[in-house]
Amino acid sequence: MFDSRPFIEALIAGDQAKLAGLTRTALDNGVAARQILNDGLITGMDIIGEKMENEDMFIPEVLLAAKAMSGILETLKPLLSEGDVRVAGKAVIGTVKGDLHDIGKNLVAMMLESSGFEVFNLGVDVTPEKFLAAAKENDADMLCLSALLTTTMPMMKKVIDAFVESGMRSRVKILVGGAPVTQKYAEEIGADGFAPDAGSAVKLAKSILQ
Ligand code: B1M
């Protein structure tokens with residue numbers, strides 16, 4: 001029987017070496033990569049998301065856990081046949097044009113990926129046209145926009161306008177986030193939701209795509 005607890009503990013501790021050892025041993029003992037991913041890592045990330053929301057875990061620890069998980073994902077990816085991973089949805093994410101902050105956005109991307117989303121991370125300083133092209137090309141269900149500056153927040157509205165004008169708006173849920181962004185602002189610009197942190201972004205994304 002697969003015991004997921006050591007994986008969850010090592011993930012919460014951000015201990016990539018321990019996680020790598022546990023993964024190697026489990027694979028050698030015939031545990032499926034899918035089971036390690038779903039029962040160990042994704043469950044662990046769900047717990048971390050809750051801890052983050054409750055302020056039992058803070059950004060540096062969460063970044064460490066996210067990094068550790070990304071490392072193990074690289075090991076598991078080739079072993080996961082198509083259909084093994086619960087694909088929760090396809091998400092395009094990026095920091096809007098004029099804004100170069102990416103730490104929080106990358107954390108959201110990693111946590112979405114860890115929670116079963118296929119994520120297309122466009123990076124920083126992303127134009128509305130680039131968001132639109134990526135959503136079309138990848139048949140995205142969801143768009144996640146990040147802005148850390150009050151001066152770049154209006155760019156989120158420009159992205160939403162571009163989706164409306166192209167006729168794509170009804171096909172893609174749009175979530176926004178970043179330190180200066182609020183629920184009220186999200187409603188004003190016509191976004192489908194706002195998440196104050198990466199943990200709630202995953203929760204919101206899952207509930208909105210259900
Ligand atoms: Co800048 N910066 N910065 N900065 N920077 C802030 C944002 C600022 C608040 C600092 C301050 O003055 N107190 C201020 C903005 C003021 C304002 O607009 N009101 C500021 C400024 C002014 C600037 C420059 C203009 C400074 C200058 O050059 N004069 C300049 C702008 C450059 C540009 O973008 N064009 C600038 C530059 C930089 C650095 C390059 C040096 C660096 C960024 C490095 C990088 O990202 N690779 C930087 C940093 C590090 C910061 C602070 C200190 C930290 C940001 C951060 O990474 N936080 C920041 C002050 C602060 O926020 N305390 C500041 C940690 C991160 C995990 O949190 O990004 O909030 P956060 O992400 C959270 C949530 O917001 C949410 O989830 C994340 C995880 O929980 N979230 C989402 C984020 N995106 C989401 C998307 C979603 C959902 C949730 O989609 C659905």
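Just so you know, ligand 1 is whichever comes first in the structure, and atom 1 is the first atom listed for that ligand. Residue indices begin at 1 and follow the sequence shown.
Taking all atoms of both residues into account, the shortest heavy-atom contact from Ser115 to Asp46 is OG-OD1, 4.2 Å. Of all heavy-atom pairs spanning Gly40 and Phe7, the tightest one is CA-CB, 4.0 Å. Heavy atoms only, all atoms of each residue included: Ala10 and Lys18 are closest at CB-CG, 3.8 Å.
Within ligand 1, the atoms closer than 4.0 Å to a non-hydrogen atom of Cys144 are 90 (O), 91 (C), numbered from 1 in the order shown. Those atoms of ligand 1 with a heavy atom of Gly178 less than 4.0 angstrom away are 75 (O), 81 (N), 82 (C), 83 (C), 84 (N), 85 (C). For ligand 1 and Met52, the ligand atoms under 4.0 Å from any heavy atom of the residue are 79 (C), 80 (O). Listed by number with element, the atoms of ligand 1 under 4.0 angstrom from any heavy atom of Ala198 are 77 (O), 79 (C), 80 (O). Of all atoms in ligand 1, listed by their number and element, those nearer than 4.0 Å to a heavy atom of Ala179 are 70 (O), 75 (O). When each atom of ligand 1 is checked for a heavy atom of Asp197 under 4.0 Å away, the hits are 76 (C), 77 (O), 80 (O). Below 4.0 Å from some heavy atom of Asp99 lie the following atoms of ligand 1, by number and element: 34 (O).
Linking ILVMFWY side-chain heavy atoms closer than 4.5 Å, directly or via other members, places Val31 and Leu73 in a single hydrophobic cluster.
Checking atom 41 (C) of ligand 1 against the protein gives no heavy-atom contact under 4.0 Å. Within the 4.0 angstrom cut-off, atom 28 (O) of ligand 1 has no protein heavy-atom neighbours. Protein heavy atoms come within 4.0 Å of atom 38 (C) of ligand 1. Distance check on atom 88 (C) of ligand 1: some protein heavy atom falls below the 4.0 Å cut-off. In this structure, atom 20 (C) of ligand 1 has a protein heavy-atom contact shorter than 4.0 Å.
For the pair Leu107 and ligand 1, the shortest N or O to N or O distance does not fall below 3.5 Å. In terms of N/O distances under 3.5 Å, ligand 1 is not approached by Leu149. Taking only nitrogen or oxygen atoms, main chain and side chain alike, Ala195 does not reach within less than 3.5 Å of ligand 1. Considering backbone and side-chain atoms together, Gly98 places an N or O closer than 3.5 Å to an N or O of ligand 1.
With salt bridges taken as basic N to acidic carboxylate O contacts below 4.0 Å, none links Glu9 and Arg5. Taking 4.0 Å as the cut-off between side-chain N and carboxylate O, Asp197 and Lys203 do not count as a salt-bridged pair. Ion pair Asp28/Arg24 not flagged as a salt bridge, since none of the NZ, NE, NH1 or NH2 atoms sits closer than 4.0 Å to an Asp/Glu carboxylate oxygen.
Between Val62, Ile103, Leu100, it is Leu100 that holds the heavy atom closest to atom 33 (C) of ligand 1. The option with the heavy atom closest to atom 78 (C) of ligand 1, from among Pro60, Ala91, Gly104, is Gly104. Of the candidates Lys97, Met153, Met111, His101, the one placing a heavy atom closest to atom 30 (C) of ligand 1 is His101.
Within the 4.0 Å heavy-atom shell around ligand 1 one finds Pro196. Using a 4.0 Å cutoff on heavy atoms, Thr151 does not count as a contact of ligand 1.
Residue Val108 touches ligand 1 through its side chain alone, judged by heavy-atom distances below 4.0 Å.
A donor-acceptor contact closer than 3.5 angstrom links the side chains of Thr152 and Asp99.
In this structure the side chain of Ile12 reaches within 4.5 angstrom of the side chain of Met57, judged on heavy atoms.
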